Amino acid sequence: MTELKKRVLVIEDEESVARFLISSLEANQYLTRWETSGNAGAQAAIEFRPQIVILDLGLPDMDGHAVLLKLREWLKAPILILTAREGDDDKVRALDQGADDYLTKPFSVAELLARIRVGLRHSESGVTGLHYRKRGIDCDVAGHTVKVDGNLVHLTATEYDILKVLIKSAGKVVTHRALLKEIWGPNSVEHTQYLRVYVGQLRKKLKSKIHPEELIQTEPGVGYRLAEE
Ligand code: CA
């Protein structure tokens with residue numbers, strides 16, 4: 001039943017990391033291909049037609065960002081960035097260049113699989129459903145209604161628009177820049193203070209008594225992620 005397995009292309013020069021990725025993925029019924037350089041990876045993407053790509057940003061022959069841009073010219077599959085770097089700039093840059101999400105080394109198998117599931121779900125469904133029901137929240141995007149623990153909650157237009165962008169990317173990180181651009185336009189991408197205010201308000205309004213865990217998670221220095229589980 002090999003043909004039903006999802007194809008994952010791993011572009012990573014560090015052998016221990018690549019082995020960990022491949023054994024975790026194969027144990028979970030993914031079909032993998034491993035390449036150790038940017039050029040070989042870009043070539044493999046053409047032949048292997050991956051449904052998801054795991055790309056290390058630190059490669060021997062090419063800058064990972066260059067590989068990302070090269071793949072993004074034609075590849076629609078989600079690209080998950082691997083980075084050992086602590087700097088947020090790198091992740092943010094990659095996300096703004098078209099990467100779908102990232103994993104910071106070291107990461108767990110659970111994290112890896114969760115990111116892959118979210119990536120595949122988004123690419124298969126195009127846009128996620130018009131209904132978001134998690135952690136006590138019930139948002140009908142088309143119907144413009146939000147309920148918390150069964151009670152209707154009023155959101156302002158801006159709060160609602162922010163929530164809608166996060167729902168469309170549920171489970172994935174959304175950068176500050178992407179959110180600001182979507183809500184306030186391209187001239188506002190530096191104004192992260194707008195977001196802090198509105199996200200703060202949203203969190204208060206969306207606080208569930210039954211599910212007190214944080215719904216809108218902060219990815220420090222990068223952006224926000226709406227809980228998907
Ligand atoms: Ca590397």
Side-chain angles (χ1 to χ4, degrees), residues 2 5-124 169 171-178 217-225 228:
T2 306
K5 290 185 174 181
K6 304 285 184 198
R7 298 180 300 276
V8 184
L9 172 61
V10 175
I11 310 174
E12 163 66 275
D13 61 316
E14 213 174 314
E15 189 166 344
S16 58
V17 179
R19 296 248 174 253
F20 169 73
L21 281 168
I22 287 164
S23 61
S24 311
L25 291 168
E26 297 205 331
N28 286 280
Q29 308 308 310
Y30 290 99
L31 187 67
T32 62
R33 175 152 168 181
W34 172 31
E35 297 295 344
T36 55
S37 72
N39 276 316
Q43 186 58 39
I46 296 168
E47 300 156 11
F48 184 61
R49 295 183 302 108
Q51 278 137 318
I52 195 156
V53 176
I54 300 177
L55 171 68
D56 180 35
L57 282 183
L59 291 167
D61 62 330
M62 277 169 89
D63 176 50
H65 295 283
V67 182
L68 173 63
L69 290 173
K70 197 168 166 172
L71 289 173
R72 261 298 162 256
E73 281 174 11
W74 64 276
L75 187 78
K76 291 198 174 64
I79 301 175
L80 203 60
I81 295 300
L82 285 186
T83 175
R85 303 172 204 183
E86 277 308 298
D88 296 326
D89 288 358
D90 228 33
K91 294 172 202 163
V92 173
R93 196 172 140 214
L95 292 164
D96 286 331
Q97 283 171 334
D100 292 80
D101 214 326
Y102 66 89
L103 283 164
T104 306
K105 299 176 197 174
F107 49 86
S108 65
V109 179
E111 259 181 291
L112 167 72
L113 296 175
R115 295 281 187 275
I116 288 196
R117 274 197 308 274
V118 168
L120 288 172
R121 191 155 58 233
H122 279 275
S123 66
E124 279 158 10
S169 289
K172 295 206 297 187
V173 69
V174 181
T175 64
H176 296 133
R177 194 185 179 83
Q217 296 150 1
T218 298
E219 295 279 324
V222 179
Y224 299 98
R225 184 190 300 276
E228 175 65 338

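Note that the structure is predicted; figures quoted are calculated from it, not measured. Counting starts at 1 for both ligands and their atoms, following the listed order.
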J.: Of all N, O or S atoms in Asp13, identify the one at the shortest distance from the Ca ion (ligand 1).
T.: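 Going by distance to the Ca ion (ligand 1), the closest N, O or S atom in Asp13 is OD1.
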J.: Do His65 and Asp90 come within less than 4.5 Å of each other through their side chains, counting heavy atoms only?
T.: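 His65 reaches Asp90 side chain to side chain.
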J.: Kindly indicate whether the side chain of Leu120, heavy atoms from C-beta on, has any atom under 4.5 Å from the side chain of Lys6.
T.: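 A side-chain contact under 4.5 Å exists here.
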J.: Given side chains that start at C-beta, do those of Glu73 and Leu69 come closer than 4.5 Å, heavy atoms only?
T.: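 No, their side chains stay 4.5 Å or more apart.
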J.: Test your reading of the model: is there a side-chain donor-acceptor pair from Ser37 to the backbone of Ala40, 3.5 Å cut-off?
T.: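 It does hold such a pair.
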J.: Quick check: does Leu82 put an N/O/S atom under 3.0 Å from the Ca ion (ligand 1)?
T.: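 Coordinating: no.
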J.: Assess Asp56: does it contribute an N, O or S atom lying under 3.0 Å from the Ca ion (ligand 1)?
T.: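 Checking Asp56: at least one N, O or S atom is under 3.0 Å.
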